[in-house]
Amino acid sequence: MPITSSAKKALRSSRRKREFNVERKNKMKSAVKEYKKLLSEKKTKEAEAFLPRVYKEIDKASKVGIIKKNAASRKKSRFAKKLNIK
């Protein structure tokens with residue numbers, strides 16, 4: 001446990017940030033899961049319409065540092081590629 005007052009404040013701050021980060025990551029994961037579900041059900045039109053939302057969630061997660069920039073780019077590229085193949 002933190003002893004100094006600044007360490008206590010840092011702990012409080014990191015707990016608050018963790019809540020926001022977990023929420024953002026869950027939103028991203030649920031959007032990705034929904035997109036993959038649409039692809040597996042062969043609903044390409046709905047998946048194509050849903051792709052911008054997936055991009056938005058990935059970009060927001062990348063912006064705040066939940067995932068790295070190149071990881072976000074790689075995910076987006078692979079999702080677009082999956083749509084074009086099927």
Side-chain angles (χ1 to χ4, degrees):
M1 286 303 296
I3 296 171
T4 62
S5 61
S6 61
K8 290 177 183 176
K9 182 179 178 184
L11 181 65
R12 288 194 306 268
S13 176
S14 68
R15 284 182 176 163
R16 278 195 304 272
K17 288 176 185 174
R18 183 179 188 283
E19 286 181 26
F20 288 111
N21 290 341
V22 167
E23 183 179 349
R24 174 62 57 207
K25 193 170 190 176
N26 286 339
K27 284 183 179 181
M28 182 188 73
K29 283 184 175 183
S30 65
V32 166
K33 189 184 248 186
E34 180 69 25
Y35 179 73
K36 286 181 178 180
K37 182 181 173 191
L38 289 171
L39 285 179
S40 68
E41 293 174 352
K42 308 275 191 230
K43 296 181 178 179
T44 55
K45 294 287 184 189
E46 291 89 346
E48 191 173 348
F50 194 73
L51 191 59
R53 179 160 171 236
V54 175
Y55 280 1
K56 179 181 175 183
E57 295 298 336
I58 290 173
D59 286 338
K60 283 187 175 186
S62 172
K63 180 177 148 185
V64 296
I66 295 170
I67 61 172
K68 293 184 178 180
K69 185 178 145 187
N70 286 345
S73 180
R74 184 180 65 242
K75 286 177 186 290
K76 289 165 50 174
S77 173
R78 288 180 181 171
F79 290 142
K81 192 175 181 182
K82 280 185 180 181
L83 186 65
N84 290 334
I85 290 172
K86 294 185 179 187

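The structure displayed is predicted, hence computed values, not measured ones.
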Query raised in the report: What do you reckon, is NZ of Lys76 surrounded by more than 12 foreign heavy atoms closer than 6.0 Å?
Result: yes

Requested in this report: Rounded to the nearest 0.5 Å, what's the gap from NZ on Lys75 to OG on Ser62? Could you check?
Outcome: 11.0 Å

Report summary line: From the list Lys27, Lys29, Lys25, Arg24, side chain to side chain donor-acceptor pair (under 3.5 Å) partner of Glu57 resolves to Arg24

Report task. Might you work through the side chain to side chain contact (heavy atoms under 4.5 Å, CB included) test for Tyr35 and Leu83, ending with a clear yes or no? Result -> CA-CA 10 Å; Tyr35 179 73; Leu83 186 65; 3.4 Å; yes

Query raised in the report: Between atom CG of Asn84 and atom CD of Glu48, what is the distance when rounded to the nearest 0.5 Å?
Result: 8.0 Å

Report task. Please confirm whether the backbone N or O of Ser73 pairs with a side-chain atom of Ser77, one donor and one acceptor, at under 3.5 Å? Result -> no

Query raised in the report: Does the side chain to side chain contact (heavy atoms under 4.5 Å, CB included) test come out yes or no for Lys56 and Lys60, once each step is laid out?
Result: CA-CA 6 Å; Lys56 179 181 175 183; Lys60 283 187 175 186; 3.7 Å; yes

Query raised in the report: Between Leu51 and Ala80, what is the shortest heavy-atom contact and its length?
Result: CD2-CA, 4.4 Å

**Report entry** Residue pair Met1 / Lys8, side-chain heavy-atom distance below 4.5 Å
**Finding:** no

Query - Heavy-atom pair with the smallest gap, counting every atom of Ala61 and Met28 - result: CB-SD, 3.8 Å

Requested in this report: State, to 0.1 Å, how close Val32 and Val54 come at their nearest heavy-atom pair, and which atoms those are.
Outcome: CG2-CG1, 4.2 Å

Query - Nearest heavy atoms of Ala31 and Phe50, plus distance in Å - result: O-CE2, 3.2 Å

Query - Contact check, side chains of Arg16 and Ser13, non-hydrogen atoms, under 4.5 Å - result: yes

**Report entry** Heavy-atom side-chain contact between Lys33 and Lys37 under 4.5 Å
**Finding:** no

Query - Shortest non-hydrogen contact from Lys82 toward Leu39 - result: CB-CD1, 3.9 Å

Query raised in the report: So do Phe20 and Val64 actually touch side chain to side chain, heavy atoms under 4.5 Å?
Result: no

